[in-house]
Amino acid sequence: MHKDLERILLTEQQIGERVTAVAREVDKAMTGKRPVAVGILKGSIIFYADFIRCLTVPLELDFMAVSSYGSGSTSSGKLKIKKDLDGDVKGRDVIVIEDIIDSGFTLACLKKLLCERGAASVTIVTLLDKHERRTEDIAPDYNCFEIPDEFVVGYGLDYDEEYRSLPYIGILKRSVYQK
Ligand code: PRP
């Protein structure tokens, strides 16, 4: 285990099994369609790569980078588009792939934006849901794990751009971010 972690919350094996199971459900629901899988950078990259490899429907891949956090550990309440989609989502079935829903602000804004751009459907898939922190009226269509309100890193999630490449998800020691 990484020395900055208090404990491992989700092991590589737990993540792998659950991601595969959820991807199979989404795959079934998308039968006959050709969805666009939209990964929200950067946190979702590892989840995205594992998730899409379990899908059998024909897929188009696209990415967006947005930010709703400042450099600290709480939401700032502002959404900024740092990188927009390459393609047009008009009339398309969109699968939004996120690493975590916290306040729900990011996904609420993204869903509204994709609907305004004429997406035929917007399906939200998240790896983690910190449900107790929700302030927006939004729920994922598919969630892999509901987690407690702890600072989690690994499997794509960072603190100050560190820890993203850990293959598991761990709880960061308070001493690391409360300096
Ligand atoms: C995280 C996460 C979501 C958002 C969730 O991204 O990937 O996009 O915050 O928070 P919310 O529900 O309160 O809006 P972050 O800004 O940390 O960027 P990153 O994915 O590049 O790490």
Side-chain angles (χ1 to χ4, degrees), residues 2 4-6 8-10 15 18-19 22-23 26 35-52 61-86 89 94-117 119 122-174 176-179:
H2 193 289
D4 292 350
L5 298 182
E6 194 177 290
I8 290 177
L9 183 67
L10 297 164
I15 297 169
R18 180 70 182 139
V19 168
V22 170
V26 176
V36 187
V38 173
I40 310 303
L41 301 171
K42 304 174 195 167
S44 72
I45 54 155
I46 298 178
F47 173 47
Y48 185 95
D50 285 346
F51 181 84
I52 61 164
L61 313 189
D62 212 335
F63 299 91
M64 270 184 106
V66 298
S67 66
S68 68
Y69 284 179
S71 56
S73 60
T74 53
S75 286
S76 66
K78 275 189 206 150
L79 188 80
K80 188 172 141 201
I81 297 180
K82 297 193 284 190
K83 184 228 171 284
D84 209 338
L85 296 170
D86 290 336
V89 293
V94 179
I95 307 173
V96 177
I97 299 168
E98 256 292 21
D99 55 334
I100 187 165
I101 307 190
D102 192 340
S103 68
F105 183 78
T106 305
L107 278 172
C109 293
L110 281 174
K111 189 168 186 179
K112 189 167 164 264
L113 182 73
L114 294 166
C115 290
E116 282 167 4
R117 289 181 180 181
V122 179
T123 301
I124 294 173
V125 181
T126 188
L127 174 69
L128 307 173
D129 186 353
K130 262 191 197 176
H131 192 253
E132 61 190 277
R133 301 248 315 167
R134 194 69 35 82
T135 57
E136 306 299 313
D137 184 19
I138 187 149
D141 298 287
Y142 299 89
N143 170 36
C144 297
F145 301 98
E146 175 133 4
I147 59 160
D149 186 14
E150 300 276 6
F151 203 111
V152 288
V153 294
Y155 197 70
L157 289 98
D158 75 312
Y159 171 64
D160 263 354
E161 298 303 327
E162 246 194 272
Y163 316 107
R164 290 197 198 270
S165 58
L166 295 176
Y168 48 79
I169 293 174
I171 296 178
L172 197 60
K173 283 180 183 164
R174 276 179 190 275
V176 177
Y177 60 92
Q178 286 184 341
K179 277 175 192 160

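When a ligand or atom number is given, it counts from 1 through the structure's own listing order.
Taking a cut-off of under 4.0 Å to the non-hydrogen atoms of Gly43, the atoms of ligand 1 that pass are 19 (P), 20 (O), 21 (O). The ligand atoms of ligand 1 that sit less than 4.0 angstrom from a heavy atom of Ser103 are 11 (P), 12 (O), 13 (O), 14 (O). Residue contact check: Leu41 has heavy atoms under 4.0 Å from atoms 20 (O), 21 (O) of ligand 1. Contact atoms of ligand 1 toward Gly104: 11 (P), 12 (O), 13 (O) (distance under 4.0 Å to a heavy atom of the residue). Heavy-atom proximity to Ile100, at under 4.0 Å, picks out these atoms of ligand 1: 2 (C), 3 (C), 5 (C). When each atom of ligand 1 is checked for a heavy atom of Phe105 under 4.0 Å away, the hits are 12 (O), 14 (O). Set against the non-hydrogen atoms of Asp99, the atoms of ligand 1 under 4.0 Å away are 2 (C), 7 (O).
Taking only non-hydrogen atoms, the option from Asp102, Thr126, Thr106, Asp129 nearest to atom 14 (O) of ligand 1 is Thr106.
Between the side chain of Arg18 and the backbone N or O of Cys144 there is at least one donor-acceptor pair closer than 3.5 Å. Side-chain N or O atoms of Asp141 include one that pairs as donor or acceptor with a backbone N or O of Ile124 at under 3.5 Å.
Contact annotation: Arg164 has at least one heavy atom less than 4.0 Å from an atom of ligand 1.
A salt bridge is defined here as a Lys NZ or Arg NE, NH1 or NH2 lying under 4.0 Å from an Asp or Glu carboxylate O, and Asp99 with Arg164 fails to meet this definition.
Ring geometry for Tyr159 against Phe151 counts as perpendicular: the plane angle is over 60°, on a 0 to 90° scale with 30° as the lower cut.
In terms of the ring-ring contact (aromatic ring centres under 6.0 Å, His included) criterion, residue partners of Phe47 (sequence neighbours excluded) are, by chain and number, Phe51.
Note that the NZ atom of Lys42 and the CG atom of Leu157 stand 12.5 Å from one another [nearest 0.5 Å].
Neither the backbone nor the side chain of Arg133 has any atom closer than 4.0 Å to an atom of ligand 1 (non-hydrogen atoms only).
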For residues 165-173, please give each side-chain donor-acceptor pair under 3.5 Å, one per line with the distance, not counting sequence neighbours.
| from | atom 1 | to | atom 2 | distance (Å) |
| --- | --- | --- | --- | --- |
| Tyr168 | OH | His2 | N | 3.0 |
| Lys173 | NZ | Lys3 | O | 2.8 |

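Residues Tyr163 and Val176 meet the side-chain proximity criterion, which asks for heavy atoms closer than 4.5 Å.
An N or O contact shorter than 3.5 Å links Lys42 to ligand 1 by distance.
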